[in-house]
Asks: 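I am attaching a structure below and will ask some questions about it afterwards.
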Amino acid sequence: MTDDPTSVVTVSLTIDGQAVEVPEGTSIHQACESAGIDTPTLCWAENLTPVNVCRVCVVEVEGQRALVPSCARPAEEGMVVETDSERVKHSRKMVLEFLGSGVDLDQAPELQKWMDHYGSDTSRYDQYELPALRMGEAPKIQDNLYIRDYDRCVLCYKCVEACGDDAQHTYAIAVSGRGFDARISTEFDVTLPDSACVYCGNCIGVCPTGAIQFKTEYDLRQADDWRPEDQDVTRTVCSYCGVGCNLELHTQDDKIVKVTSPADHSVTSGMLCIKGRFGWQYVQPVDTPTRKA
Amino acid sequence: MADLYISEETADDIETAAVDAALDGRFVVVRESERLIRAGTSARHGHRHLLLPALHALQNAKGWISPGGLNYVCETLQVPPAEAYGVATFYDLFRVEEPAQAGDVTHVCVDAACQIAGAAERIAELKAQGVNVHESPCLGQCERANHVTGEVAVFVQGVGGPDSVAADDTPYELFHQKGDESLRLLKRIGVVDPTSLYSYRAHGGYESLTAAIEMGPEAVCTAVADSGLSGRGGAAFPTGIKWRAVAAEQGRPKHVVANCDESEPGTFKDRVVMENDPFAVIEALTVAGFATGAENGWIYIRGEYPLATARLQNAIDQALEAGLLGDDAAGSGHRFHIEIRRGAGAYICGEETALFASLEGFRGEPRSKPPFPTTHGLFQEPTAINNPETLLNVLDIVQIGADGYRSRGTERSPGTKLLCLSGRVAKPGVYEVEFGTTLGEVLELAGGLTGSGELNAVLMGGAAGSFVDRSYLDMPITLEDARERGTTLGSGVVMAFTDEIDLVDVLVRISQFFRDESCGQCVPCRVGCVRQNETMVVLQEKGSLTSERRQLVDDIAQVMVDASICGFGHTATNAINSAIKLGLVPGVPS
Ligand SMILES: Cc1cc2nc3c(=O)[nH]c(=O)nc-3n(C[C@H](O)[C@H](O)[C@H](O)COP(=O)(O)O)c2cc1C
Ligand code: SF4
Ligand code: SF4
Ligand code: SF4
Ligand code: FES
Ligand code: FES
């Protein structure tokens, strides 16, 4: 280390034969990005603490017996990383295949792209002798703001993190159960209006598969009228208080269908509160949920 | 009220009293004016390790954890209800719905040793008698399984009263080496009175702690390192390296943990020691605390071991009273206390980082390594965690020195090893053997085979271990020979199967075990265990596998070994794949 506080310590590593230099503390995943190598991720997000549970981002690091999650492992000096070896390709293919064999990934186009890339074939598990076990649960529709369809849930923990330590500190939802029976749940699976939920919608914002989505989006999809290609996104600043959260209003046929915030925004990091997320009734009225007295 | 949202259901008097007794005054004081916002998180975490004992109290009081009961615990400990529910539903011994049948729950083991002794028939009998039966993974009493009498392992979970296991009112009679002069680790089993410090001392107890204090911490660590002792919990990591790493950590609270979760199917050695020589475990943990400079000793014991728990607690109480634990433990000038924590039915909590999470009051989900426990263990503080058998070895090492210790065993596997003999052997039980004894000799020690039929396979190291066939009878029991021949000693399981047993049924059960016990955190293991189990069920039904299914077996194994987070996923396909590779599974090409 030099005494100059502005100097950045860097580490040099090799990724797929290419020499790469990145600031110390950079994850292997980010190092790959900087080298122009695209890596699939699922449970990782720039605004959340890495939980490294999905394992779709694994890479091979020379000298390590098992593959390592690139999203969480910092790049180290002299590391030799392979992102396209047979073992890496096999693991990524299988992880995606496993997910696709158990949950509905129809609304996760990014994952589908990677499944095609790695040749994942979910039909292998549905052989005639015994159909593969699936989550198989009906959507939970408990209010007019958002729905939870855990048949689409890949258990990436993102909603739990957003509701808990990483943003909202409300802890309305957590992982319950164990193994394949693990589910995102409130205590005793009580409805959202009966739970601690404050309807910030941050869980919606981070969910990668549409398992949690705006009721407006859900209804349009049910009516087969969800048309992303016809939607406009208007960036604006929330008018409720003086914090200055940026909003992205998604409109279809001139109606707001959902509200997001940019993950890289300096104020919100993608997180909002109930007002910015759902407080557009004065534009188009919707029913609000009520908690049991 | 503080920041947490808690619903209106309230606990009744029985629940409140049970929780209060379990917490014994140790809880977060919540004042109306105190707003536990972000800064409150640390206060919450500070007491969160009491969550598991509180949940046990609720479960025991009513036979289930009611919404009102959970609310009371959450308010007292300041844990969000959704998280507490997530913790409660992680464990087999906790129920979150009022049970249809009130009263005690009889857990009957269905894992391999009991399966081949007739667990299914026993369960049917008990159910016909109206007993509230719950099928359980291995209960750590595999030596009780007997295919002639049909006895299998049972654990009774009490409601409003204590839990119990078979041994409660009978002396332990399944130890066949009693009085053998060559014993090191088991020399007091069946000889000492396990409830009396006086008796323990009369049989050489606490001489090791005295010797350790005379040597000083550094010399103890050196002796342990020089002895070549490696961990007996399954991973065989050198104990001396671990202890020195913790000893070198300064400035933060440190911990030593005895990993008494013993849930690997086929394993019961730790239970036998804890039930019959509990003071030895306490003394050995005290030596570990002294050597590493840790003031906090913890025993994390599986919930299905009520007798061992009671004996250990009694030993702690007596040691404390005698000044062998406490602020100046045995006059060493070193402060050392031990606290026992009960697990609640989750094999994964034996994995060290999952154990920490469980003890801290979180779901028993393993954490990524690095960082390792020696720097970021329990409560993210430096921790030496060891299997009780590993710890017992240290009692001898400090007395006879590293050279004396190495006088037995082999160069690379010094000392002796506890083996858990079960399955179709005449005298199942725990045996202490010198490293280097062959597998064939070990089976002879246990009286050879029983029942009709020839030896077909031996399961080494438990469900996470691997099968071997008759060609391994000449294999010396050492770490190096096991590794060289592609198998493992793991936790010391040696379970014998004759050719009259259908191995496919056993493989189905093993795959079901992993399916049930996966923590579910990572995709390769959460889904892989289910797909592996489906494949075994198909095999059982059809008698063979299509080539597509056969390919799946290999594909699943590879991703689980390569990409799972922890040792569970890394080993969950071993037993099945080893059986297939050895050609022990008819209908499946190796
Ligand atoms: C799934 C799993 C279960 C485990 N269960 C146990 C156990 O019940 N007891 C134990 O001592 N070690 C168990 N281990 C090993 C521990 O993680 C750890 O390595 C051990 O407690 C260290 O002690 P040792 O060095 O004395 O063996 C388990 C590991 C895994 C991956
Ligand atoms: S809307 Fe906000 S408070 Fe409610 S569950 Fe989602 S993240 Fe938690
Ligand atoms: S609901 Fe969405 S964000 Fe939450 S765990 Fe499931 S997939 Fe991830
Ligand atoms: S390998 Fe299995 S047990 Fe280990 S963290 Fe992953 S899901 Fe949990
Ligand atoms: S994105 Fe890296 S483990 Fe999920
Ligand atoms: S107690 Fe039944 S297999 Fe261990």
Side-chain angles (χ1 to χ4, degrees), chain A residues 42 50-56 58 60 65-67 69 72-73 87-88 90-99 101-102 124-125 127 129-130 132-133 154-155 157 160 163-165 169-182 185-190 194-198 292, chain B residues 3-8 37-38 41 67 70 74 80-92 96 346 348 363-365 368 515-531 534-535 537-538 541-542 546 548-549 551-552 555-556 558-559 561-565 570:
Chain A
L42 179 55
V51 285
N52 57 83
V53 295
C54 78
R55 319 305 275 187
V56 77
V58 287
E60 193 164 347
R65 205 157 36 126
L67 303 179
R73 186 67 62 86
R87 283 174 73 198
V88 170
H90 179 78
S91 277
R92 292 183 181 178
K93 164 185 178 287
M94 291 297 289
V95 162
L96 291 163
E97 224 175 69
F98 278 171
L99 286 173
S101 74
R124 301 209 287 159
Y125 306 88
Q127 291 174 35
E129 325 98 317
L130 184 72
L133 182 70
V154 291
L155 275 179
Y157 288 56
V160 176
C163 188
D165 286 328
H169 289 87
T170 293
Y171 310 94
I173 47 175
V175 183
S176 71
R178 193 170 76 198
F180 200 81
D181 296 328
S185 177
T186 58
E187 64 275 18
F188 296 94
D189 202 19
V190 297
D194 276 345
S195 78
C197 176
V198 296
K292 267 196 213 146
Chain B
D3 208 17
L4 291 176
Y5 172 76
I6 291 183
S7 71
E8 283 163 7
I37 43 171
R38 189 133 200 203
T41 305
L70 192 78
C74 288
E83 288 196 6
Y85 179 77
V87 172
T89 52
F90 190 82
Y91 299 98
D92 279 349
V96 290
I348 189 58
R363 292 164 55 80
E365 293 172 351
S368 274
R515 175 182 176 152
D516 295 343
E517 297 295 331
S518 164
C519 86
Q521 197 182 189
C522 66
V523 178
C525 171
R526 177 175 78 237
V527 186
C529 286
V530 171
R531 301 293 174 242
E534 287 168 351
T535 298
V537 169
V538 168
E541 284 172 4
K542 304 272 164 181
T546 59
E548 291 96 333
R549 278 270 182 207
Q551 182 62 44
L552 274 184
D555 286 354
I556 293 170
Q558 199 187 332
V559 65
V561 169
D562 276 347
S564 295
I565 293 180
H570 297 153

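Both backbone and side-chain heavy atoms feed into the values below; hydrogens, waters and symmetry mates do not. Every chain is numbered from 1, with letters handed out A, B, ... down the list of sequences.
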Asks: Pick whichever of B/K542, B/R526, B/E365, B/E83 has the most heavy-atom pairs under 4.5 Å with chain A.
Replies: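 Result: the option with the highest number of such pairs is B/R526.
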Asks: Please check this pair: side chain of B/E534 against backbone of A/L133, looking for a donor-acceptor N/O pair closer than 3.5 Å.
Replies: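 Side chain of B/E534 to backbone of A/L133, a donor-acceptor pair under 3.5 Å: yes, one is there.
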Asks: Chain A: which of B/Q551, B/E541, B/R531 shares the most heavy-atom pairs with it under 4.5 Å?
Replies: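 Counting heavy-atom pairs under 4.5 Å, the top option is B/R531.
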Asks: Which heavy atom of A/S185 sits nearest a heavy atom of B/Y85, and at what distance?
Replies: OG-CE2, 3.8 Å
Asks: Inspect the contact between B/D562 and A/R55 and indicate whether a charged nitrogen and a carboxylate oxygen are less than 4.0 angstrom apart.
Replies: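 Between B/D562 and A/R55 there is no salt bridge, as every charged N stays at least 4.0 Å from the carboxylate O atoms.
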Asks: Give a yes or no answer on whether the side chain of B/R363 reaches the backbone of A/G177 with a donor-acceptor pair at less than 3.5 Å.
Replies: yes
Asks: How close do A/C54 and B/P524 get, counting heavy atoms only, and between which atoms?
Replies: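 For A/C54 and B/P524, the tightest heavy-atom pair comes out as O-CD, 4.1 Å.
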Asks: Pick from B/A88, B/C525, B/G86: which one has the most heavy-atom pairs with chain A under 4.5 Å?
Replies: B/G86
Asks: Applying side chain to side chain contact (heavy atoms under 4.5 Å, CB included), name anything that partners A/H90, two or more places apart in sequence or on another chain.
Replies: A/M94, B/D555, B/Q558, B/V559
Asks: Which heavy atom of A/F188 sits nearest to which heavy atom of B/L70, and what is that distance?
Replies: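 Where A/F188 meets B/L70 most closely, the heavy atoms are CE1-CD2, 3.6 Å.
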Asks: Could you walk me through whether A/S101 and B/V527 pass side-chain contact (heavy atoms from CB on, under 4.5 Å), step by step?
Replies: CA-CA 9 Å; A/S101 74; B/V527 186; 4.1 Å; yes
Asks: So which part of A/V56 gets closer than 4.5 Å to some heavy atom of chain B, the side chain, the backbone, both or neither?
Replies: neither
Asks: Under 4.5 Å heavy-atom distance to chain A, tell me which part of B/A346 shows up: side chain, backbone, both or neither.
Replies: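 For B/A346, backbone and side chain are both near chain A.
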Asks: So what's closer than 4.5 Å to chain B heavy atoms on A/V58: side chain, backbone, both or neither?
Replies: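 Looking at A/V58, just its side chain touches chain B.
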Asks: Sort out for me which of B/V538, B/L552, B/V96, B/V530 touches chain A most, counting heavy-atom pairs under 4.5 Å.
Replies: B/L552
Asks: Does the side chain of A/F180 come within less than 4.5 Å of B/R515's, by heavy atoms?
Replies: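 Counting from C-beta outward, B/R515 and A/F180 never come under 4.5 Å.
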Asks: How many angstroms lie between SG in B/C522 and CG in A/L155, if you round to the nearest 0.5 Å?
Replies: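 Those atoms lie 11.5 Å apart.
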Asks: Between A/G164, A/A72, A/A174, A/P69, who has the most heavy-atom pairs with chain B when the cutoff is under 4.5 Å?
Replies: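 The option with the most such pairs is A/A174.
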Asks: What verdict does the side-chain contact (heavy atoms from CB on, under 4.5 Å) test give for A/L99 and B/V523, after you've listed the backbone C-alpha separation in whole Å, the side-chain angles of each residue and the deciding distance to 0.1 Å?
Replies: CA-CA 7 Å; A/L99 286 173; B/V523 178; 3.8 Å; yes
Asks: Testing the basics here: between A/L130 and B/R549, what is the closest heavy-atom pair and its distance to 0.1 Å?
Replies: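 What the structure gives for the nearest pair is O-NH2, 3.4 Å.
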Asks: Under 4.5 Å, counting heavy-atom pairs only, tell me which of B/S564, B/C74, B/A84, B/G364 racks up the most with chain A.
Replies: B/S564
Asks: Are A/F98 and B/I556 packed together at the side-chain level, in the sense that at least one heavy-atom pair is separated by less than 4.5 angstrom?
Replies: yes
Asks: Quick check for you: among B/H570, B/E517, B/E548, which has the greatest number of heavy-atom pairs under 4.5 Å with chain A?
Replies: B/E517
Asks: Checking A/A132 against chain B: side chain, backbone, both or neither under 4.5 Å from a heavy atom?
Replies: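 Backbone plus side chain of A/A132, per the 4.5 Å heavy-atom cut-off to chain B.
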Asks: Would you mind checking which part of A/R73 comes under 4.5 Å of any heavy atom in chain B, side chain (CB onward), backbone (N, CA, C, O), both or neither?
Replies: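 Interface part for A/R73: side chain.
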Asks: Could you check whether any side-chain N or O of A/R178 sits under 3.5 Å from a backbone N or O of B/G520, counting only pairs where one atom can act as donor and the other as acceptor?
Replies: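 Not confirmed, A/R178 side chain does not pair with B/G520 backbone.
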Asks: Taking the side chain as every heavy atom from C-beta outward, state whether A/E129 and B/T546 have any atom pair closer than 4.5 Å.
Replies: yes
